[in-house]
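Single-structure report; data block below.
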Amino acid sequence: MLDRRLLREEPEKIRQALQKRGYEFDLDTLIATEAQRRELLQNVEALRAKRNKLSEQIAQAMREDSDTRVRKVQAAQIGEDLAGRQQELTQVEERFEQMMLDLPNIPLDEVPVGESEQDNVVMYEVGEQRKFDFTPKPHWEIGEQLGILDFEGAARMAGTRFVTDVGAGATLERALINFMLDTHTRKHGYTEVFPPYLANERSLFGTANLPKFEDDLFKTTDGYYLIPTAEVPLTNMHQGEILDADQLPIYYVAYTACFRREAGAAGKDTRGMVRVHQFHKVELMKFIKPGQGSAELEKLVKDAEVILQALELPYRRTQLCTGDMGFQPQQTFDLEVYCPGMDRWLEISSCSQYGDFQARRCNTRYRPQPQAKPEFVHTMNGSGVAAGRTLLAILENYQHESGTVVVPEVLRPYMGGLPEILPEMP
RNA sequence: GGAGAGGUGGCCGAGCGGCUGAAGGCGGUCGCCUGCUAAGCGACUAUGGGGGUAUAAGCUCCCAUCGAGGGUUCGAAUCCCUCCCUCUCCGCCA
């Protein structure tokens, strides 16, 4: 959510941002609604002030034992008037709030302007793409042949867009998760968090998954939502709190399952485990003081890159353009791993800074000085990284013609020293 | 799931129809005192919104907020209803 003051003071900034994003929004109506809201508010407050004054006089008169009937009638009349006005105000306020929630964040100036994925900027590539003297297979073939990915079984027990890791496949994904968590906690200074996989409505409003993106979410019959990413619980860790300045920055890392309906993705990535309803991810998240966003985001991206470098996977970093960026971020960098079996770059991490956009919704603030007014913190997060897609990338990058897969060096200690995954391995 | 207790400022905790936006304490900030430390003394110390003035801040007036929402009343932290959350005991359970 944006600061409502921006509406009055710098509406052009918002208008430009919307245009850069190619986002349809009726800004003029929003501005008019805000003006209307303020006018009604002044009205209501004036009436209330009047009534409060009368009430005070009644209290005074009662203490002096004098007559209060006339004033009581007057106050009651104001009360009636007030009720009507109040109702009007509530309606306008509701409409205003609703519209504010639909307003996307303002991209930073340095974000490239563009319409779609095509306009994203590749910043650099790291690592050599492996040469194969055979045609590399996609991960679903490798995984099924080795008996470590079971798509049919997953379809039976759950449905399409699910996968089940079996044997060395399950161990490999667990190894990846542990390796990532260990790296971020021990080397990068993140505090490990293991949060609930279900979140309440309020928390999803906090991260702006609601109200706009309800279709992407699974909802339980009890009104809980399955988290689409650990960003949701982590960002809401300090919902409503006022933090001390010396607590910041806070670095959290969490491993969670993530659940997405993929309602708008029918027919896209239907094979394999690229796009599934449940996947597993290690997420990095920071609460920081304003002004440190870009430096901290840069560090966060590098922390994620360390994982890919350690796994010796060839990847590239891109900066998303204004048109391809999500609703919430001011700026987003993606890390994409090259997957030779599918012959494509696959997004494996998405790192964004939000400014105070989420903090405002979550009402997470800090006190810059002991006596100072609280200010909103700034937030950012990124995958560090997605375990399922990393597993897939390992299968495709480390495959042999015989169908076996070499285990990356750094993961072997997490897999009982196993150097290579062979068929029918328990 | 059943029974009970409770949710008040950064924290603890009083108040249970009217100068109570809220006693007292802790914590914090500033000042004094002090050879250092500790102690002591004094002042200040909730948030959001709106108006005026100034537009760097500041100053000033008003409104709202004592878990959330509704009701009673001229007036609600205080009374009533609904919901949420926390704690204790019992039941169930990985």
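Since the structure is predicted, the reported quantities are computational estimates derived from the model, not experimental observations. Each chain gets a letter, A, B and so on, in the order its sequence line appears, and its residues count up from 1.
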Rounded to whole angstrom, note down the [atom1] distance from [N] over to [M].
N	M	atom1	result
B/rU29	B/rC85	P	38 Å
B/rG21	B/rU47	C1'	11 Å
B/rG24	B/rG9	C1'	13 Å
B/rU78	B/rA22	C1'	12 Å
B/rG7	B/rC63	P	28 Å
B/rU8	B/rU55	P	43 Å

Discussion item. Assess the residue pair A/F259 and A/F279 against the criterion (ring-ring contact (aromatic ring centres under 6.0 Å, His included)); give the C-alpha distance rounded to whole Å, side-chain angles, the decisive distance to 0.1 Å, and a yes or no.
Written reply: CA-CA 7 Å; A/F259 303 92; A/F279 63 95; 8.6 Å; no
Worksheet entry | Assigned partner base of B/rU34, Watson-Crick or wobble definition, under 3.5 Å |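 Here B/rU34 is not engaged in any pair, so there is no nucleotide opposite it.
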Worksheet entry | Aromatic contact, A/Y251 with A/F287 (centres under 6.0 Å) |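 Not close enough - the centres of the two rings lie 6.0 Å or further apart.
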Discussion item. What is the first contacted nucleotide of RNA chain B and what is the last, in 5' to 3' order, if contact means an atom lying under 4.0 angstrom from a heavy atom of chain A?
Written reply: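 The contact span of chain A on RNA chain B goes from B/rG18 to B/rG75.
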Fill in: Stepwise salt bridge (Lys or Arg N to Asp or Glu O under 4.0 Å) test for A/E262 and A/R161
CA-CA 9 Å; A/E262 302 294 351; A/R161 285 199 193 284; over 6 Å; no
Practice prompt. Look at all strands and tell whether A/A59 reaches a base, only sugar-phosphate, or nothing, counting heavy atoms closer than 4.0 Å.
Written response: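 Touches a base.
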Worksheet item: After noting the C-alpha distance and the side-chain angles of A/E97 and A/R4, does the key distance pass the salt bridge (Lys or Arg N to Asp or Glu O under 4.0 Å) rule?
Response: CA-CA 10 Å; A/E97 287 295 326; A/R4 60 176 62 179; 2.9 Å; yes
Worksheet entry | Residues A/R48 and A/E45 bridged, charged N to O under 4.0 Å |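 Looking at A/R48 and A/E45, the cut-off is not met.
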Discussion item. Taking A/K50 first and then A/D81, would you say they form a salt bridge - that is, a charged N and a carboxylate O separated by under 4.0 Å?
Written reply: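 A salt bridge is absent here (no side-chain N lies under 4.0 Å from a carboxylate O).
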Worksheet entry | A/E231 side chain to A/Q358 side chain, donor-acceptor N/O pair below 3.5 angstrom |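 Note: A/E231 and A/Q358 side chains meet the donor-acceptor criterion.
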Worksheet entry | Criterion salt bridge (Lys or Arg N to Asp or Glu O under 4.0 Å) on A/R317 and A/E298, from CA distance to verdict | CA-CA 12 Å; A/R317 174 177 174 182; A/E298 192 55 33; 2.9 Å; yes
Worksheet entry | Those residues of residues 354-368 of chain A lying under 4.0 Å from RNA chain B by at least one heavy atom |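 Residues of residues 354-368 of chain A that come under 4.0 Å of RNA chain B are, in numerical order, A/R365, A/R367.
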